[in-house]
Structure formats: structure tokens, C-alpha cells
Amino acid sequence: ALLGTLFCIITHKLNLTVGIIPSLNVGAGLLGFFFVKSWTGFLTKLGFQVSPFTKQENTVIQTCVVACYGLAFSGGFGSYMIAMDERTYKLIGADYPGNRAEDIKNPGLGWMTGFLFVVSFLGLFSLTPLRKVMVLDYKLTYPSGTATAMLINSFHTHSGAELAGGIGDSCGFDNFPSFGLMLFRNTFYFDFSPTYVGCGLICPHIVNCSVLLGAIISWGFLWPFISAHAGDWYPSGLESNNFKGLYGYKVFIAIALILGDGLYNLIKIIYISAKEMCNKSTKQSKLPIVNEVIDNESSKVLAEQRKRDDIFLKDRIPTWFAASGYVALAAISTATIPIIFPALKWYLVLVSYIIAPALAFCNSYGTGLTDWNLSSTYGKIGLFIIASLVGSDGGVMAGLAACGVMMSIVSTAADLMQDFKTGYLTLSSAKSMFVSQLLGTAMGCVIAPLTFWMFWTAFEVGSPDGPYKAPYAVIFREMAILGIEGFSELPKHCLALCFGFFIGAVLVNLLRDLTPKEISQFIPIPMAMAVPFYIGAYFAVDMFVGTVILFIWERINQKEAEDYAGAVASGLICGDGIWTIPSAILSILRINPPICMYFGPSLSS
């Protein structure tokens, strides 16, 4: 609870200033170890007999803290929830078409807490039956979850507890125009991020190359091509976050690619699972865990993996339990949400809960590949569709509330799967992970609104002149207003391009499945390609640097690379993640660096 409160405050601060939240999983694992180890050491010195602090307990603490602070982000305290308030309404302007005074709901501790309680638990039940598929069968890396597990494992060895360390600030170099200012303006630069270099080391080569290919297609060709048609395809001179301009293409084309890949894989899993259920007499599954002949040298590694698999699969969470839990919570939520938001009718809430598991799968699959949790992007899907269905009479409030429903489910599901990966690598019980998530989510439903309320009462949150501008609040409200007018308000050719990329993602996946393995291993993954379409090319450059380092390392010493690449990657991710905490605390205290470099064109030019 104490760590959850600290991390909620950090998340709110980042959410209300820059609007981007880094993964704090590593910090939760480290501080959990530090506090409990300090406490048990203190009790031992007083003469009490204390049980050893295990890595499984460390993992459970980390899972609980992540679930708690996750609600500070998915709860929309810097996005859809603030977009409902009077200050955001006035910022956009009373004379702005579609911006009605009736579509206002100011933050309140009671309704915010109640809303979180009715929407936040469904994500935990939506994908639990697919944990084996995601972690064991597809072997998704979940880089932050893997790095956290390796950190926790290292703490619970004889020498590992002395190895924790951080990485210094890189002020100025995170915006270094490595390839020149023209490419820098198109987000092609190396930002010296240890986290994403580490992701490049830990993710398969095909994932990293797919991410870079997506960055080249979008920021190298597609966005410059569309920008050249400003004034024809969309009005020129629009702000960078206006959905009627280039931003609309970025968001919806990325969504189309993500849905094409995610829905294809979901249908594929359902088909294979159904086929296996109807054909139980066959001995070998189409989605095997690992079944290979090995030499003596590898027997220890395989024994360890079998042990992990056995522990991970031993505590089964029955499918009927997950399904009935989801249905029961959806029924409660469907009845309750229209009381909080009358504009969002019960049947629209029900439709949201029917399609949410598919989107949750897409988000968890994408997070496992690239470490990017794009829950806000999926929230925008719900926002736009529901706002367009409701129309001008209450569509803004209905869309924003639907965004909250969708964000909560897809974000919680991705966090749970990330923590399942950590639990798998630390030999932790799946049931204890699930219960820890439930407890952490319950704590977050109380702690997240309370910590936000501190900011809300102490500062003018959302004011353009204040320290907490909540930059995404205006964007979410404007998107809800755009949604009222429907798809016809999207820029020219946007829907056609979305349809083309959706079909393209499905065809590429078909090609990957139908071609021989020696060919399919070189075919890019559409889900990985989609992330830079929306985020930018800079992290693709970082990940590609990581994959190049790993490629050279493998050519020099294959065994050493296999043994140590994961540890090096985890060290980079953990070091960067640990620094996030003191950096955020310094920022909250408004202690800024005395000097910072900035790169731009020379004055003479």
C-alpha cells in the first residue's frame, strides 16, 4: 500500500505534465526487495526469528504495486476523466461546434472511486484463460516483465543483492539529431534510451526489424507523402494533435494495423483450441510448450524450464471461473455505469464488454512483442465509436466514459500478462499472482483517486498556465466532439487507407503461416510494425541498435550471447527504470538540471 501510494503520486505527476508513463515494474520489484529486506534485517538484529524473504514473495509485492499504480494511468486522471471537467470545456471554448455546457462532469472523489471499482476488475478475468498461450506457446518476451524477473532472481542469490545500481541522466542527448535535423523532424534519431536498447537485445531480431520497417514506411514515406497533400486531403495549418489533420491518419491507420494482426491471431488461437478440444485423442498439441532432443550440456537448462512450466501450469485458474467472473462483473458494471454517466446507455456498455476481450488480447500481444502498452489507443477506439453512435445529445460524455471502460480492461489485461511472465520466470504460483493483482487493483481503486485528489485540490489541474497542464485532456475532449460527427469528419482517404492496412495485416499474417519456416522467419510482424506509426521512429532506432549489438555478439560468440544477452538487456532496462523514481521525485520537488543542451539549426541559416 505504501509503495502503491508512492507510485500513484509519481504516475499522476507524469500523467499531468508530459502525459507519458514509463514502465515502473522494475522500480516496484527493487523497492519491494529493499523495504522488506531492511525490515527483516531490523527484526533479526532485535533478536526475532524471521522467515527468509523469497523471490516469490518479492514477485507478489511487485505484482500488487503494479496493479495499484496502473489505475493511476488507466483511470484517466490525465486524459478522459479530466476531459469531462468545466476547465477543459472552457479551454476549448464555449463557441466551439459540438462543445456543449451540458457535457460537463467535474471530478469527485465518490463517483471516481465507484467508477474504478465497477470497471477495473474485468480486465483480470478477460485473458486469464490465454496465459499459457501468451507466455508458453507464443513465447512472448514482455521485456519489462522479463527484466523485472531477472532483477528479482539476482537479488535472491548470495551475491546478487549487492548488484543494484542506476544510470545517470542524459539531459540533451535524448533529443540528439543523430542523422541530421531533417530526419530528426521525422523522429528518426537515437535518443540514448537504455530501456529500448535493452528491448532490442531481449526481443527476437524479426520483432526489432519489423518495428524499424514500420518506422521507415510511416515516418519515412507515408506521413511525408500525406503532409504534402495538406490543404487538399485535410485543412492546412491544423495543430499537431488535431484528428482532422495528419494526427487522424496516424491514430486510425495504426489502429487498423493493430486490429488486423491482433484479430487474426485471436481467431487463429480460437480455431486451434477448438480443433484440439474436438480432437483430444491426438497426443501432440499444435501449440507445444517445448519438445526437443537435447545434449547433456543443455539438460540443466531444460530441467529448469520444465520446472517453470510445471509450476506455471500447476495452479490452474479454471476457464469457467474466469468466464463467470467476467460475466458477473460485466452485469454489475452494465447496471451501474449508466447511473454515473446517464448518456452511456446500458446496451452500449454491454456492447463494449462484448468486444473488449478481443481488444485486450491485441494489446497484450503487442505489449509482449514491443513492451508498448497502447491502452489509450484502444480507449480512443471506444471513444470514437460510442460518441458517433450516441450523437450530439450526450455523445461527448458517453464517448469519454466508454473510453474509460475500454482503457481499464485492455490496460489491466496487459499488466496481468506482463506479471504472469515475471511470475513464470521467478517460479511463482499463477494463483498467487492473480490474487495479488486482485488485491492491488482493489487498493488502486481507493489510492489512485485519493492521490489524484491531492493534486486536484492543491493545484489548478488542466490550467495552461499551471504546473499540471494535463495536455491530453483537450485532445480527448476534441476527439469525442469529432466522434459525434462520425467517420465523415475524418480526413480524406483516411478510411480507405485504414481498410487497406487492415487487409494488409491479415494477408501478411496468412503469408507467415502458409510459407515454410525458412521463409516466414523473414516476414515482418504487422503488430510490431504498427507501434511506430503512432509513437514515432526514435524507439525503433534504439531497438535496432540493440538487435545489431546482439547480431554481432552472436557472430563473435554464440554461446556467450545466449547466456548473457538477457542479463545485459535486463541490466539496461532495470538501470533506466530505477532512475525513473528519483528523477520523478526531483521533478515533483521542482528541482531541475542547472543546464541542458538543445540542438537546432544555426542562427546564420
Interatomic distance, CG@L6 vs CG@L31, rounded to 0.5 Å, equals 7.0 Å
With rounding to the nearest 0.5 Å, note down the distance linking OG in S144 to CG in L151.
->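 The CG atom of L151 is 12.0 Å from OG of S144, to the nearest 0.5 Å.
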Flag, side chain of [X] to backbone of [Y], donor-acceptor distance under 3.5 Å:
| X | Y | answer |
| --- | --- | --- |
| S74 | S411 | no |
| S120 | F117 | no |
| D542 | V197 | no |
| Q62 | A28 | no |
| T128 | L124 | yes |
| T187 | A537 | yes |
| S333 | A330 | no |
| S436 | V60 | yes |
| S210 | I525 | yes |
| T146 | T141 | yes |

Are F125 and F434 close enough that their ring centres sit under 6.0 Å apart?
-> yes
Run the side-chain donor-acceptor check on residues 446-455: report pairs under 3.5 Å with partners two or more places apart or on a different chain.
residue : atom : partner : partner atom : Å
T451    : OG1  : H12     : NE2          : 3.1
T451    : OG1  : I447    : O            : 2.8
T451    : OG1  : A448    : O            : 3.0

Tabulate below the donor-acceptor pairs under 3.5 Å that side-chain atoms of residues 320-329 make, not counting sequence neighbours, or state none.
residue : atom : partner : partner atom : Å
S324    : OG   : W320    : O            : 2.7
S324    : OG   : F321    : O            : 3.1
Y326    : OH   : Y353    : O            : 2.7

Residues which pass side chain to side chain contact (heavy atoms under 4.5 Å, CB included) with [X], listed by chain and number, not counting sequence neighbours:
| X | value |
| --- | --- |
| A149 | T422, L425, T426 |
| I311 | K307, L427 |
| I552 | V548, I556 |
| L46 | F42, F48 |

Trace of the side chain to side chain contact (heavy atoms under 4.5 Å, CB included) decision for F73 with M407 | CA-CA 9 Å; F73 169 68; M407 267 184 74; 4.2 Å; yes
Taking only residues two or more places apart in sequence, or in another chain, which ones meet [X] in a side chain to side chain donor-acceptor pair (under 3.5 Å)?
| X | answer |
| --- | --- |
| T547 | H205, N208 |
| S429 | D315 |
| E560 | W553 |
| K380 | Y534 |

K132 and L136: CA distance, side-chain angles, deciding distance, side chain to side chain contact (heavy atoms under 4.5 Å, CB included) verdict | CA-CA 5 Å; K132 173 183 173 291; L136 298 184; 4.1 Å; yes
State, to 0.1 Å, how close I202 and A569 come at their nearest heavy-atom pair, and which atoms those are.
-> CB-CB, 3.9 Å
Test ring-ring contact (aromatic ring centres under 6.0 Å, His included) applied to F53 - qualifying residues, sequence neighbours left out =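 Scan of F53 (ring-ring contact (aromatic ring centres under 6.0 Å, His included), adjacent residues dropped) gives H156.
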Could you tell me which residues satisfy ring-ring contact (aromatic ring centres under 6.0 Å, His included) with Y196, sequence neighbours excluded, listed by chain and number?
-> W372, F539
Do N363 and S375 meet the criterion of a side-chain donor-acceptor pair at a distance under 3.5 Å?
-> no
Please indicate whether F544 has more than 12 foreign heavy atoms, meaning atoms of other residues, nucleotides or ligands, lying under 6.0 Å from its CZ.
->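 Counting other residues, nucleotides and ligands, CZ of F544 stays at 12 neighbours or fewer.
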Given the rule in the side chain to side chain contact (heavy atoms under 4.5 Å, CB included) test, do L257 and M527 qualify, once you have shown the distances and angles that lead to the verdict?
-> CA-CA 7 Å; L257 259 178; M527 180 72 76; over 6 Å; no
Using the side chain to side chain contact (heavy atoms under 4.5 Å, CB included) rule, take D419 and V66 through it: C-alpha gap first, then chi angles, then the decisive distance, then the call.
-> CA-CA 9 Å; D419 289 329; V66 168; 3.9 Å; yes
